[in-house]
Amino acid sequence: MLRVRFAPSPTGYLHIGSARTFIFNWMYARRNGGTMILRIDDTDVERNSEASLNSIFEGLNWLGLGWDEQYRQSERLDLHRRMAQAIFEKGHAYRDFTPAQTGSVDAEEKNEGGQWVANAGMRELNVTESDARATAGEPFVLRFRVPRGEGRAVKFEDGVYGAQSKEADDIEDFALLRSNAMPTYHMASCADDADLKISQIIRGQDHLSNTFKHILIFEALGVAVPKFAHLPLLIAPDGAKLSKRKHGPVVSVTTYRDHGFLPHGYVNFLCLLGWSPKDNREQMSRQEIQDIFSFEGINRANAVVNFTEADPIDPKALWLNGQILRSMPIAELVPLVKQRLETAGLDFPEDMGQLESIVDIIRARYQTLDDFPTRGLPYFADEFPMEPAAMARLEEAGARELVRKLGVRLEASADFSEPAIEAELRKLAAEKGVKAGVLINGSRAALTGQAVGPGAFHLFTAIGRQRSIARLKGV
RNA sequence: GUCCCUAUCGUCCAGUGGCCUAGGACAUCGCCCUUUCACGGCGGUAACGAGGGUUCGACUCCCUCUGGGGACGCCA
């Protein structure tokens, strides 16, 4: 039975890279009829926060993909400790009584003298002394006894990166339990992976070198070693790993949501970052992606998420979202737009058909949900700004006067259908000896305050009889 | 510093020794469509990091270098 997991730590909001890891896990599980597990890795009591836990769920729920089982590591500490104890009893771990380092070790200091593998003397401590000091209450950290000096290599086959190998001598004696008896990430993660029968671990490439340690743990535990697949990292335009401190809120999933992205627009975009269907397809439904998702399509090099300080959204993501926005069933789009309008405190037609036709007319030139309450303001409110370019349209060739006149005529006419309006407009233009364009552009300016937009005749019906006439006469 | 990963247009991908005069998409520039704009259509600019091999033939395979990323915590 195929089982995969996504294991975020609640130490910040849902990161764009984490979201992609979640999506790839999800696609892989769904593609292969497996089980998707959400596991909250909250063993770092110091850094965990309820707020970030909420924001992770918020982000995940917005993606709308869901999961099958859910766990919290903090509720499974006994299991972690039991497994650590088992490793210790088998002789694969030892107590290290070296006092914890105080303060944060800065990078330069840490790198002095090359790689650290173990604290002197502790690995060799005999059982009697170790037991005595532990019984006396001296604090210790439990470390894995990495097989050393045996010329042993740890190997595995990565689903994305292929054959991987590392000399055990190059792996340090990593910690399993802290001196406060809390499991470390390595211990908790492996214990849970074993207990939850995770069969395939899909995670970021930043864990590639941890994998050798994890294999050591699985082996010491005497359980089946899961398969691994590591994903290339998402990096910033400056080449650095995406971080909140350096790159700000762009790394958060909520940034895209708040900019009016469709959940699937975001999912689609993220899937294209580091994965390819190999046939040049870009816009794909969830089902399409799910049907062909495989590790073969995953690239090995890191991918840059394109953004600038001024514009936090990747242009390709924006384009993709626009494509989806204008091609999705209108009935699915309207509720999302409605919600957006409500949030903005705007009015919209009660009549579903009317609302649908407005949305359908304007969505061709919009890219996000956010465009409806902003650029689409004139369609949902009577107060809207008159853009300078629109104003210019009204100033030329007596347009303003003609537009008013058109308003009067339309008011007098019972027929407010598009053909009738067009006929009326052209007739008026002919009478006054001006080009129809003057009236068409003038009307658009009067109706929306914008110099650009949908075809003018669609506009009248979208805005509605009452409003249109009032706006024409009021210029 | 040690170890691991990686390298095609500005960006995201395609390319698994001859189909490559290197393809698609975004962005960008131009034209068409549109009495506006967007959508759409057509076209342009734009890349195999460097040096060695292997081979009849390298973007593709090997080595070195260089660049980029990651790991090296009682963080995850």
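Keep in mind it's a predicted model, so treat the numbers as computed, not measured. Note on naming: letters A, B, ... go to the chains in the order of the sequence lines (proteins, then strands), and numbering restarts at 1 for each one.
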Side chains of residues 394-403 of chain A: which donor-acceptor partners sit under 3.5 Å, not counting sequence neighbours?
| unit_1 | atom_1 | unit_2 | atom_2 | d |
| --- | --- | --- | --- | --- |
| A/Glu395 | OE2 | A/Arg400 | NH2 | 2.9 |
| A/Glu401 | OE1 | A/Arg404 | NH1 | 3.3 |

[atom1] atoms of [N] and [M], separation to the nearest Å:
| N | M | atom1 | result |
| --- | --- | --- | --- |
| B/G24 | B/G43 | C1' | 16 Å |
| B/C32 | B/C9 | P | 33 Å |
| B/C12 | B/A7 | C1' | 15 Å |

Query raised in the report: Between A/Gln205 and A/Tyr161, is any side-chain donor less than 3.5 angstrom from a side-chain acceptor?
Result: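 Checked: A/Gln205/A/Tyr161 side chains pair up, N/O donor to acceptor below 3.5 Å.
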What's [X] touching, base or sugar-phosphate or nothing? Going by heavy atoms closer than 4.0 Å.
| X | result |
| --- | --- |
| A/Glu167 | nothing |
| A/Ala451 | base |
| A/Arg281 | nothing |

Query raised in the report: Taking only residues two or more places apart in sequence or in another chain, which ones pass side chain to side chain donor-acceptor pair (under 3.5 Å) with A/Trp67?
Result: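 Partners of A/Trp67 under the side chain to side chain donor-acceptor pair (under 3.5 Å) test: A/Gln70.
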Query raised in the report: Is any N or O donor-acceptor pair between the side chain of A/Arg365 and the base of B/C37 shorter than 3.5 Å?
Result: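 Under the 3.5 Å cut-off, the side chain and the base do form a donor-acceptor pair.
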Query - A/Ser179 (side chain) and B/C74 (base): donor-acceptor pair under 3.5 Å - result: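 Present.
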Sequence neighbours left out, cut at 3.5 Å: what donor-acceptor pairs do the side chains of residues 293-303 of chain A make with other protein atoms?
| unit_1 | atom_1 | unit_2 | atom_2 | d |
| --- | --- | --- | --- | --- |
| A/Ser294 | OG | A/Glu296 | N | 3.3 |
| A/Asn299 | OD1 | A/Ala301 | N | 2.9 |
| A/Arg300 | NH1 | A/Val160 | O | 3.3 |

Contacts of [X] that satisfy ring-ring contact (aromatic ring centres under 6.0 Å, His included) - sequence neighbours left out:
| X | value |
| --- | --- |
| A/His186 | A/Phe174, A/His214 |
| A/Phe97 | A/Phe140 |
| A/Tyr266 | A/Trp62, A/Tyr256 |

Find every protein N or O atom lying less than 3.5 Å from an N or O atom of nucleotides 60-71 of chain B, and list the pairs.
| unit_1 | atom_1 | unit_2 | atom_2 | d |
| --- | --- | --- | --- | --- |
| B/G69 | O2' | A/Asn302 | OD1 | 3.0 |
| B/G70 | O2' | A/Asp206 | O | 3.4 |
| B/A71 | O4' | A/Ser209 | OG | 3.0 |
| B/A71 | O2' | A/Ser209 | OG | 3.4 |

Query raised in the report: Is the cationic atom of A/Arg76 (NZ for Lys, CZ for Arg) positioned less than 6.0 Å from the six-membered ring centroid of A/Tyr71 and within 45 degrees of its normal?
Result: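 Yes.
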Across all strands, who's sitting opposite [N] as a Watson-Crick or G-U wobble pair, both distances under 3.5 Å?
| N | result |
| --- | --- |
| B/C37 | none |
| B/C9 | none |
| B/U2 | B/A71 |
| B/A22 | none |

Query - Contact nearer the 5' end of RNA chain B, comparing A/Leu273 with A/Arg393 - result: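 By nearest-heavy-atom nucleotide position, the 5'-most residue is A/Leu273.
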Query raised in the report: Going by number, which of residues 47-55 of chain A have a non-hydrogen atom under 4.0 Å from RNA chain B?
Result: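 A/Arg47 - these, ordered by number, are the residues of the stretch whose heavy atoms sit under 4.0 Å from the strand.
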Query - Contact state string [nucleotides 23-30 of chain B, B base, S sugar-phosphate only, - no protein heavy atom under 4.0 Å] - result: BBBS----
Are any protein N/O atoms closer than 3.5 Å to N/O atoms in nucleotides 42-51 of chain B? If there are, list each pair with its distance.
none

Query raised in the report: Who pairs with A/Gln450 by side-chain contact (heavy atoms from CB on, under 4.5 Å), at least two apart in sequence or on another chain?
Result: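 Checked A/Gln450 against side-chain contact (heavy atoms from CB on, under 4.5 Å); matches are A/Pro378, A/Glu387, A/Thr448.
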Report task. For A/Thr308, check side-chain contact (heavy atoms from CB on, under 4.5 Å) against everything at least two apart and list the hits. Result ->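 Partners of A/Thr308 under the side-chain contact (heavy atoms from CB on, under 4.5 Å) test: A/Ala310, A/Asp311.
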Query raised in the report: Side chain of A/Ala301: nearest nucleotide among B/A7, B/A76, B/C13?
Result: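 Nucleotide nearest to A/Ala301's side chain: B/A7.
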